[in-house]
Amino acid sequence: MQEESNDMSLTVIRSVDPGSPAQDAGIRPGETLTKVNGHPIVDVMDYKYYTYDARLELTLTEPGGSSRTVRVLKEEGEDLGLNFETYLMDKARSCANNCIFCFVDQMPPGMRETLYFKDDDARLSFLMGNYITLTNLSEREQQRIMDLHISPINISVHATNPVLRTEMLKNRNAGKCLDQMKRFAQAGITMNCQIVSCPGINDGPALERTLTDLAGLYPQVNSISVVPVGLTKFREGLCHLDGYTAETAAAVLDQVEAFAKACMDKLGTSLVWCSDEFYLEAGRPLPEDEYYEEYTQLENGVGMLRLLEVEFRGAMFALEGDETPPPFSVATGVSAAPHIAALLEKLQARCPGVHGAVYPVVNHFFGETINVAGLVTGRDLIDQLKGKDLGERLLIPANMLRSGEQVFLDDVTVAQAEEALGVSVVPVEQDGGVLLDAMLGLDGPEPQPGPTLGGGEEFYCYNPGAGR
């Protein structure tokens, strides 16, 4: 991050929420917010941190250039009610790495431009849970994280061996990661870590070193996930990487579970978990609910299918057994399809009047090695389900669609899929209770749109283990 990258036009107030403290104080759209209680406002992190207090003194610059000061009284933590051009109040910082496993580099040509943008922004890590590599953090930004106590942050570590990490990320700053994390730990910053594991490169002895180094920073390192590298068919010109087999996936599971047991004995927490994909690839059953503790790494696909089952079975307790909803179908990724089918069987055993079917969608678009639902495209969905008995509703995971919109990765819309398949397509959030309600034909919560991060940009981050 570079201090000079901030564009002051992005701190211009575009709208003021009706009835908000800002409106009550007479703040107007078109003014620029420059300071809060004497602190310069550079971006959303400054804004959120310094507007938390109950008594605020805002310095505003009017369109004509004159400045004025406004005092605001509100509840502590209450939102001020100002909206800006972008959520970040700044441009998003792009990735400076050239990682050997980067999923964006494996995108086919001709997709929408936003899917080729690689974010590596510490603000998005804190505000939205994105993972960052730390390689583009200036000294000023590192200090600001510590001064404002921006915590937790999510870090893509991959390897703590400086030479290996530099080779994997193709960035000369990559080797400084562990030293930066030690500084954050001393400042009390909580960190969740991700390791994208590549066979023969950063697993085995390299993984053991990485886990040992990270465990040495506990409790500030709060959790670690190990996820397998995702490889599409679009790797022409990229370095050779192998995917995991049942045998190599089992070896990683054995290594990580042994390390986790040692952590449990010493620290009282497993600290590190493998994503669901490792268990599916190795052909092993998923661990039980208690193994995942607080499900801290859920967004990386760690325990996602187990939690879905726990929520689904819990919601079933309230059923009378005489439900007869309209017939339906579920489309999902190849890896999760057997688990969704098992949930449906449990429901049908409880409620014989439920009629549904589960269809795994093979990923021809990215390649059959990609088997998570979040990367299923509209065209694959249509091609493989056309002519099938879909009932009156087709349920799909909401993460097949662009956040807050009705568009698949390949720009096929939900409306186009409905027209081609002749059935209503219903996006369903990742929640077992919501999935049960959808199967029963009950109205669930609408997927909520995310904030506009940067002039309408879509920040795409592939978590290899995520999606159902």
Side-chain angles (χ1 to χ4, degrees), residues 276 280 285-286 288-289 295 298 301 303-363 371-378 380-382 384-401 403-404 406 408 414-415 417-448 466-468:
D276 292 356
L280 300 177
L286 296 170
E288 295 302 320
D289 176 47
Y295 285 94
L298 194 63
M304 183 174 284
L305 290 172
R306 176 59 70 202
L307 181 59
L308 186 74
E309 179 192 8
V310 170
E311 293 169 338
F312 189 93
R313 295 180 68 173
M316 279 180 54
F317 282 122
L319 299 182
E320 299 294 335
D322 57 353
E323 283 80 1
T324 56
F328 65 91
S329 54
V330 181
T332 187
V334 171
S335 63
H339 295 266
I340 304 301
L343 296 181
L344 177 57
E345 288 178 8
K346 288 182 173 65
L347 175 59
Q348 290 172 327
R350 180 74 176 270
C351 305
V354 172
H355 297 283
V358 176
Y359 294 101
V361 181
V362 178
N363 202 318
N371 52 25
V372 296
L375 294 173
V376 169
T377 62
D380 276 340
L381 186 81
I382 292 170
Q384 295 174 46
L385 298 190
K386 199 164 188 177
K388 298 285 178 63
D389 182 7
L390 302 177
E392 297 182 19
R393 296 166 294 125
L394 173 63
L395 312 181
I396 65 169
N399 64 1
M400 281 187 185
L401 306 176
S403 178
Q406 300 286 296
F408 292 87
V414 169
E418 290 179 328
E419 182 178 2
L421 297 173
V423 67
S424 175
V425 176
V426 181
V428 181
E429 293 289 358
Q430 179 72 32
D431 180 282
V434 174
L435 176 60
L436 177 63
D437 285 347
M439 288 181 174
L440 296 175
L442 304 176
D443 291 334
E446 290 290 329
Q448 295 300 308
R468 72 167 191 262

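FYI, side chains are in, hydrogens and waters are out, and symmetry mates aren't considered; it's all heavy atoms of this structure. Numbers here simply count residues along the sequence, with the first being 1. No experiment lies behind these values; they were computed from the predicted model shown.
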**Donor-acceptor contact below 3.5 Å, side chain Gln406 vs main chain Ala415** = no
**Asked** So, Asp276 side chain and Met304 main chain: donor-acceptor pair closer than 3.5 Å or not?
**Response** yes
**Gln348 atom CD, over 12 foreign heavy atoms within 6.0 Å** = yes
**Message:** I need the minimum non-hydrogen distance between Ala315 and Gly433, along with the two atoms involved.
**Reply:** CB-CA, 4.0 Å
**Asked** Roughly how far, to the nearest 0.5 Å, is the OG atom of Ser424 from the CD atom of Glu418?
**Response** 5.0 Å
**Prompt:** Is any side-chain heavy atom of Pro397 closer than 4.5 Å to a side-chain heavy atom of Thr332?
**Reply:** yes
**Item:** Side-chain (Glu323) to main-chain (Gly321) donor-acceptor, under 3.5 angstrom
**Value:** yes
**Message:** Using 0.5 Å steps for rounding, measure from the CE atom of Met439 to the OG atom of Ser329.
**Reply:** 10.0 Å
**Asked** What closest approach, in Å, do Cys351 and Leu319 show between heavy atoms, and which atom pair accounts for it?
**Response** SG-CD1, 3.9 Å
**Request:** To the nearest 0.5 angstrom, please state how far the CG atom of Leu343 sits from the CG atom of Leu436.
**Result:** 9.5 Å
**Request:** List the steps, then state whether side chain to side chain contact (heavy atoms under 4.5 Å, CB included) holds for Phe328 with Leu394.
**Result:** CA-CA 6 Å; Phe328 65 91; Leu394 173 63; over 6 Å; no
**Prompt:** By side-chain hydrogen bond (donor to acceptor under 3.5 Å, both in side chains), which residues pair with Glu311, not counting sequence neighbours?
**Reply:** none
**Asked** At their closest point, which heavy atom of Ala336 faces which heavy atom of Leu305, and how far apart are they?
**Response** CB-CD2, 3.9 Å
**Prompt:** Excluding sequence neighbours, so at least two apart, what forms side-chain contact (heavy atoms from CB on, under 4.5 Å) with Ala438?
**Reply:** Leu395, Val428
**Message:** Could you measure the distance from the CG atom of Asp389 to the OH atom of Tyr359? Nearest 0.5 Å is fine.
**Reply:** 5.5 Å
**Message:** The test is side chain to side chain contact (heavy atoms under 4.5 Å, CB included); show your working for Val334 and Asn363 and say whether it passes.
**Reply:** CA-CA 8 Å; Val334 171; Asn363 202 318; over 6 Å; no
**Message:** Quick one: does any side-chain atom of Arg350 pair with a main-chain N or O of Met316 as donor and acceptor, under 3.5 Å?
**Reply:** yes
**Complete:** Minimal heavy-atom distance between Phe408 and Leu381, with the atoms involved, is CZ-CD2, 3.8 Å
**Request:** Determine, step by step, whether Val372 and Asn399 satisfy the side chain to side chain contact (heavy atoms under 4.5 Å, CB included) criterion, reporting the C-alpha distance in whole Å, the side-chain angles of both residues, the deciding distance to 0.1 Å, and the verdict.
**Result:** CA-CA 10 Å; Val372 296; Asn399 64 1; over 6 Å; no
**Request:** Please say which of Val358, Leu308, Leu344, Leu286 ends up in a side chain to side chain contact (heavy atoms under 4.5 Å, CB included) with His339.
**Result:** Leu286
**Prompt:** Do the side chain of Thr324 and the main chain of Gly353 share a donor and acceptor less than 3.5 angstrom apart?
**Reply:** no
**Item:** Non-hydrogen atoms of Val354 and Pro325 that approach each other most closely
**Value:** CG2-CD, 3.8 Å
**Prompt:** Would you say Asp289's side chain and Val310's backbone share a donor-acceptor pair under 3.5 angstrom?
**Reply:** no
**Request:** May I ask you to test the Leu280-Asn371 pair for a side-chain heavy-atom distance under 4.5 Å?
**Result:** no
**Message:** For Pro326 versus Glu392, what's the shortest heavy-atom pair and its separation?
**Reply:** CB-OE1, 3.4 Å
